[in-house]
Every structure is written in C-alpha cells, then in structure tokens.
Amino acid sequence: MKDEKYEWACFAAQQSAEKAVKALYYSLNKEIWSHSISRMLSQLDEFTVNKETIEKSKELDRAYIGSRSPDYYTEGSPYEYYSIEDARRCIAYAKEIFEFCSKNIQA
C-alpha cells in the first residue's frame, strides 16, 4: 500500500485469505480445489461461518481476477479501478478470515 499499488494489495489480501482457508481445509484432512473464498467458507460443514464474513469474502473473490488482468475492464488498467479504501477493506477482510481459520485449524 505504501507504493500506492492498491490493486496489488487487494490481490495479495485475496491470496492470503484463500491460503488460510485452504490450510483450514487441509487441517481437517479435506481436499479443496477452488479460488473462491466465499464458496470454500460456505462449504465448511464443520463450522458455522457467519453471513457477514461470507459477504466480505465475496469482495476478496472479486479481486482475484479484476485486480491483475489487464483486459478485465473495458477501458483502462486494473490500477485505475482500485483505491486506498478498497485496499484497506480487503486487507481487513483477509485478516478477519485469517483469524477465523487460525483459531479453527486442527493441529
């Protein structure tokens, strides 16, 4: 964020949350093939994930492709579509998901 690469901050937040959710799955001896954080969280039968967290994860899902694909938007580059507020929000959501996963990982 300090370099004002807000699209990259959003993508990095998505990636960290995705990896945290996958780590939770693996700790439960469950294999998962997905990049959608919201779907993975929704499919966790062992835990109740609140709807607010699912909604937050959807914003991270949107950052998976749009933040890094130059032809995603009809005009301009991805960096033109992300602000510091977007980056702060995505980072906060990723931290929340990471904390949920960390406290539920089965050792």
Side-chain angles (χ1 to χ4, degrees):
M1 281 196 12
K2 67 181 177 182
D3 293 329
E4 298 181 5
K5 305 247 188 259
Y6 305 127
E7 79 287 1
W8 176 251
C10 291
F11 175 66
Q14 184 281 334
Q15 287 287 279
S16 64
E18 178 185 331
K19 302 311 181 218
V21 175
K22 286 182 176 181
L24 177 56
Y25 266 82
Y26 295 144
S27 80
L28 299 168
N29 292 315
K30 294 176 80 174
E31 195 169 316
I32 187 75
W33 292 89
S34 180
H35 297 290
S36 173
I37 301 162
S38 61
R39 288 196 182 215
M40 289 188 289
L41 288 174
S42 296
Q43 294 171 1
L44 272 173
D45 299 328
E46 294 81 0
F47 307 101
T48 301
V49 183
N50 68 49
K51 289 181 183 182
E52 185 179 318
T53 301
I54 301 291
E55 290 304 311
K56 291 175 180 178
S57 69
K58 289 178 183 179
E59 182 163 356
L60 293 172
D61 286 346
R62 288 189 293 273
Y64 177 65
I65 296 175
S67 63
R68 61 193 171 94
S69 298
D71 60 347
Y72 186 77
Y73 298 98
T74 56
E75 294 185 22
S77 296
Y79 79 89
E80 298 175 83
Y81 291 87
Y82 290 85
S83 67
I84 192 169
E85 292 84 14
D86 296 323
R88 286 181 179 148
R89 199 170 46 255
C90 284
I91 291 168
Y93 295 170
K95 284 181 181 179
E96 183 178 319
I97 292 166
F98 180 86
E99 289 168 7
F100 169 82
C101 293
S102 292
K103 86 173 184 191
N104 288 298
I105 284 182
Q106 309 292 311

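Just so you know, these numbers use all the heavy atoms, side chains as well, and skip hydrogens, waters and symmetry mates.
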Trainee: Is the closest side-chain heavy-atom distance between E46 and N104 below 4.5 Å?
Mentor: no

Trainee: Quick one: does Y72's side chain have a donor or acceptor within less than 3.5 Å of a partner on P78's backbone?
Mentor: no

Trainee: Just by distance, do the side chain of Y81 and the backbone of G66 share a donor-acceptor pair under 3.5 Å?
Mentor: no

Trainee: If you measure from CD1 on I97 to CG on L24, what distance do you get to the nearest 0.5 Å?
Mentor: 11.5 Å

Trainee: I want to check something: taking the side chain as every heavy atom from C-beta on, are M40 and E18 in contact at a cut-off of under 4.5 Å?
Mentor: yes

Trainee: Over all heavy atoms of both residues, which pair between K58 and S38 is shortest? Give the atoms and the distance, please.
Mentor: CG-CB, 3.7 Å

Trainee: Report whether I65 and W8 are members of the same hydrophobic cluster (ILVMFWY, side-chain heavy atoms less than 4.5 Å apart, transitive linking).
Mentor: yes

Trainee: Find the distance between CZ (R88) and SG (C10) and round it off to the nearest 0.5 Å.
Mentor: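 Spacing of CZ (R88) from SG (C10) equals 12.0 Å.
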
Trainee: Can you tell me how far apart NZ (K19) and OG (S16) are? Round to the nearest 0.5 Å.
Mentor: 9.5 Å

Trainee: If you measure from NZ on K103 to CZ on F47, what distance do you get to the nearest 0.5 Å?
Mentor: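 It comes to 9.5 Å.
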
Trainee: Do you know which two heavy atoms are closest between L60 and C90, and how far apart they sit?
Mentor: CD2-O, 3.5 Å

Trainee: Tell me, yes or no, whether the heavy-atom count around K95 atom NZ, taken from other residues, nucleotides or ligands under 6.0 Å, exceeds 12.
Mentor: no

Trainee: Using side-chain heavy atoms (C-beta onward) and a distance below 4.5 Å, is R39 in contact with S42?
Mentor: no

Trainee: Is the count of non-hydrogen atoms from other residues, nucleotides or ligands lying under 6.0 Å from Y26 atom OH greater than 12?
Mentor: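 More than 12 heavy atoms, drawn from other residues, nucleotides or ligands, come within 6.0 Å of this atom.
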
Trainee: Do side-chain atoms of D3 reach the backbone of K5 as a donor and acceptor pair under 3.5 angstrom?
Mentor: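 No, D3 side chain to K5 backbone: no donor-acceptor pair under 3.5 Å.
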
Trainee: Tell me if a side-chain donor or acceptor on T53 pairs with a main-chain N or O of V49 at a distance below 3.5 Å.
Mentor: no

Trainee: Are more than 12 heavy atoms, taken from residues, nucleotides or ligands other than F98, located less than 6.0 Å from that residue's CZ atom?
Mentor: no

Trainee: Measure up the Y64 and F11 rings against each other and bin them: parallel (under 30°), tilted (30 to 60°), perpendicular (over 60°).
Mentor: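 Rings of Y64 and F11: tilted, as their planes differ by 30° to 60°.
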
Trainee: Is a side-chain N or O of S83 found less than 3.5 angstrom from the main chain of D86, in a donor-acceptor match?
Mentor: yes

Trainee: So, taking the atom named CZ in R89 and the one named CD1 in I91, what distance separates them when rounded to the nearest 0.5 Å?
Mentor: 11.5 Å

Trainee: Which pair of heavy atoms, one from A63 and one from Y82, lies closest together, and at what distance?
Mentor: CA-OH, 4.0 Å

Trainee: Can you tell me how far apart CD (Q43) and NZ (K30) are? Round to the nearest 0.5 Å.
Mentor: 8.0 Å

Trainee: Determine, using the 4.5 Å side-chain heavy-atom cutoff (strictly less than), whether I54 and V21 are members of one ILVMFWY cluster.
Mentor: yes

Trainee: How close do Y6 and M1 get, heavy atom to heavy atom, and via which atoms?
Mentor: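 Taking Y6 first and M1 second, the nearest heavy atoms are CE2-O, 3.8 Å.
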
Trainee: Do side-chain atoms of S102 reach the backbone of E99 as a donor and acceptor pair under 3.5 angstrom?
Mentor: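 Checking the backbone N and O of E99 against the side chain of S102, no donor-acceptor pair under 3.5 Å is found.
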
Trainee: For K56, is there any backbone N or O sitting under 3.5 Å from a side-chain donor or acceptor partner on E59?
Mentor: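 Looks like no, no N/O pair under 3.5 Å.
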
Trainee: Quick check: does any side chain N or O of K22 sit under 3.5 Å from a backbone N or O of S34, one acting as donor and the other as acceptor?
Mentor: yes

Trainee: Would you mind reporting whether F100 and L44 have side-chain heavy atoms less than 4.5 Å apart?
Mentor: yes

